[in-house]
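Before any comments, here is the structure.
Just so you know, these numbers use all the heavy atoms, side chains as well, and skip hydrogens, waters and symmetry mates. Protein chains get the first letters and strands the later ones, always in sequence-line order, with residue 1 at the start of each.
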There are 2 protein chains.
Amino acid sequence: MAVVGEKVAELVGMLPMFTGTLLEGIEIRTPIKLSISEEKTLMFLYKHEGKSMTAYSKKVGLTRGSFTAVADRLEDKGLIERTSVCDDRRKNALILTKEGKSIAKIIDRCFKQHIASKVELLDAEDLKSLKNALETIVSTIDKLK
Amino acid sequence: MAVVGEKVAELVGMLPMFTGTLLEGIEIRTPIKLSISEEKTLMFLYKHEGKSMTAYSKKVGLTRGSFTAVADRLEDKGLIERTSVCDDRRKNALILTKEGKSIAKIIDRCFKQHIASKVELLDAEDLKSLKNALETIVSTIDKLK
DNA sequence: TTATTATAATTTGAATTCTAACATTTAGAA
DNA sequence: TTCTAAATGTTAGAATTCAAATTATAATAA
C-alpha cells in the first residue's frame with residue numbers, strides 16, 4: 001500500500017500549517033521575556049520534570065547543541081536548574097525553579113485558552129472528530145518506536 | 001465545551017513530535033546543498049507555482065523578512081525566479097527554473113518515500129485510520145479561516 | 001483629486017539555530 | 001581487564017531567522 005503512504009506523506013506536510021493556523025495571534029505575556037523555544041521548554045518541563053537535555057531537545061525540536069543554549073538562557077534567568085543524575089554522570093536532569101514553575105503555569109494556561117477559543121468556532125460535531133483525529137495520531141506516534 | 005478545547009490544545013502540542021518522529025533519519029541528497037527552508041519552499045512550489053512571497057512564507061513557517069533571504073538564496077542558486085504580476089506591482093510571483101523543477105522533484109520523491117517506508121511498519125488498519133485522521137485534521141484547517 | 005490606511009516585499013542588526021568537532025562517560029565485546 | 005562503539009552534553013564559528021523600521025504600491029475615504 002505505498003499509495004496510502006504517499007498520501008500520508010502529503011498530509012503530514014500540511015500539519016505545520018495546521019498548527020500555524022491554530023497558534024496564529026497567540027500572545028503570551030510573561031514577567032520575563034522569553035523566546036519560543038524557551039516557552040516550549042518550560043511547557044514540557046511543566047508536564048514532565050527531571051528528563052535529560054536530549055529528551056527535551058527532541059520535544060522542542062532543536063539539536064542538542066542548540067538546546068544547550070536554551071538551557072543556559074533559562075538557567076541564567078533563574079527559571080530552571082541542571083541537576084545531576086547519579087546513575088549516569090553524562091546526563092543532566094532539568095527541573096523548574098519556583099519562579100520557573102509559576103511562569104510555566106502562565107504559559108500553559110495561555111496556550112490552552114488560545115487554542116480553546118480558536119476551536120470554539122467549530123460546531124460540536126467537528127470539534128469531536130478533531131479531538132478523535134488528534135488522539136489517533138498521537139497514539140500512532142508510539143507504535144512507530 | 002472548554003474542556004474539549006483544552007484537550008485539543010494538549011494534543012496539538014504533541015504534533016511537532018509526531019512529524020519529528022516521522023521525519024527522523026530522512027536524508028535528501030540533492031546536487032546543490034540546500035537548507036530545510038529552501039527544500040520546503042521548493043516542495044511547495046512544486047505543487048503550486050506562481051503564488052506570492054507572503055503565501056510561501058506562511059506555508060514554510062517563516063516571517064516575510066526571513067523568507068526574502070530564502071528566496072534570494074534560491075534565486076542565486078538558479079532554482080527559482082521572481083516574476084512580476086502585472087496587476088499588482090507589489091507582488092512577486094515565484095516560479096521554478098528548469099533545474100529548480102528537477103531538484104524539487106527529487107525532494108518530493110525522497111520525502112514521500114521516506115514517510116511511506118516509516119508508516120509501512122503499521123498494520124493495514126492503523127495505517128487507514130492514520131490517513132483518515134490526517135484528512136480530518138487538514139479539512140478542519142479550512143473551517144477555521 | 002488628496003489624504004489615509006493597508007498590503008507586499010526588503011533591509012538591518014540582534015538573536016537564535018545549525019553543523020561539526022570535542023571531551024566525558026557508559027555499554028558491550030574481545 | 002582493554003578496546004571499541006555509542007550516548008550525553010558542550011563549544012565555536014557559520015548560517016539562518018527574527019523584530020522592527022523602510023520603501024513602494026494599492027485600496028479606500030474625504
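Phosphate proximity of C:dT17 to A:Thr63: absent, as no side-chain N or O sits under 4.0 Å from OP1 or OP2. The phosphate of C:dT17 has neither OP1 nor OP2 within less than 4.0 Å of any side-chain N or O from A:Ser66. Checking the phosphate oxygens (OP1, OP2) of D:dT8, no side-chain nitrogen or oxygen of A:Ser52 falls inside 4.0 Å. For the OP1/OP2 pair of D:dT17 and a distance below 4.0 Å, the side-chain nitrogens and oxygens of B:Ser37 include at least one atom meeting the criterion. For the pair A:Thr54 and D:dA7, the criterion of a side-chain N or O lying under 4.0 Å from OP1 or OP2 is not met. Within the structure, a side-chain polar atom (N or O) of A:Arg73 is placed less than 4.0 Å from OP1 or OP2 of C:dT16.
Rounded to a whole Å, the NZ atom of A:Lys91 is 17 Å from the C1' atom of D:dT10. As a whole-Å value, the separation of B:Lys40 NZ from D:dT16 C1' is 13 Å. Whole-Å rounding puts the B:Phe67 CZ to C:dT10 P distance at 9 Å. The CD-P distance, from A:Glu38 to C:dT17, rounds to 8 Å in whole Å. As rounded to whole Å, 13 Å separates atom P of D:dA19 from atom CD of A:Glu27. One atom, CE of B:Met53, and another, C1' of D:dT25, lie 16 Å apart when rounded to the nearest Å. Atoms CG (A:Leu62) and C1' (D:dT10) sit 15 Å apart, rounded to a whole Å. The distance from atom CZ of B:Arg90 to atom C1' of C:dT5 is 11 Å, rounded to the nearest whole Å.
Salt bridge annotation for B:Glu10-A:Lys47: absent, with no cationic side-chain nitrogen under 4.0 angstrom from a carboxylate oxygen.
Judged purely by distance below 3.5 Å, without hydrogens or angles, the side chains of A:Thr63 and A:Ser66 pair a donor atom with an acceptor atom.
Of the two residues near DNA chain D, B:Arg89 and A:Ala93, the one whose nearest nucleotide lies more 5' is A:Ala93. When each of B:Lys33 and A:Val70 is assigned the nucleotide of DNA chain C with its nearest heavy atom, A:Val70 is the one assigned upstream, toward the 5' end.
Across all strands shown, B:Arg64 has heavy atoms under 4.0 Å from base atoms, whether or not it also approaches the sugar-phosphate.
Between B:Glu99 and B:Ile32, the closest heavy-atom pair is OE2-CD1, 3.6 Å. Pairing each heavy atom of A:Ile141 with each of B:Met14, the nearest pair is CD1-O, 4.2 Å.
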| task | Carefully, step by step, assess B:Ile137 and A:Leu130 under the rule side-chain contact (heavy atoms from CB on, under 4.5 Å). | result | CA-CA 6 Å; B:Ile137 287 174; A:Leu130 174 63; 4.0 Å; yes
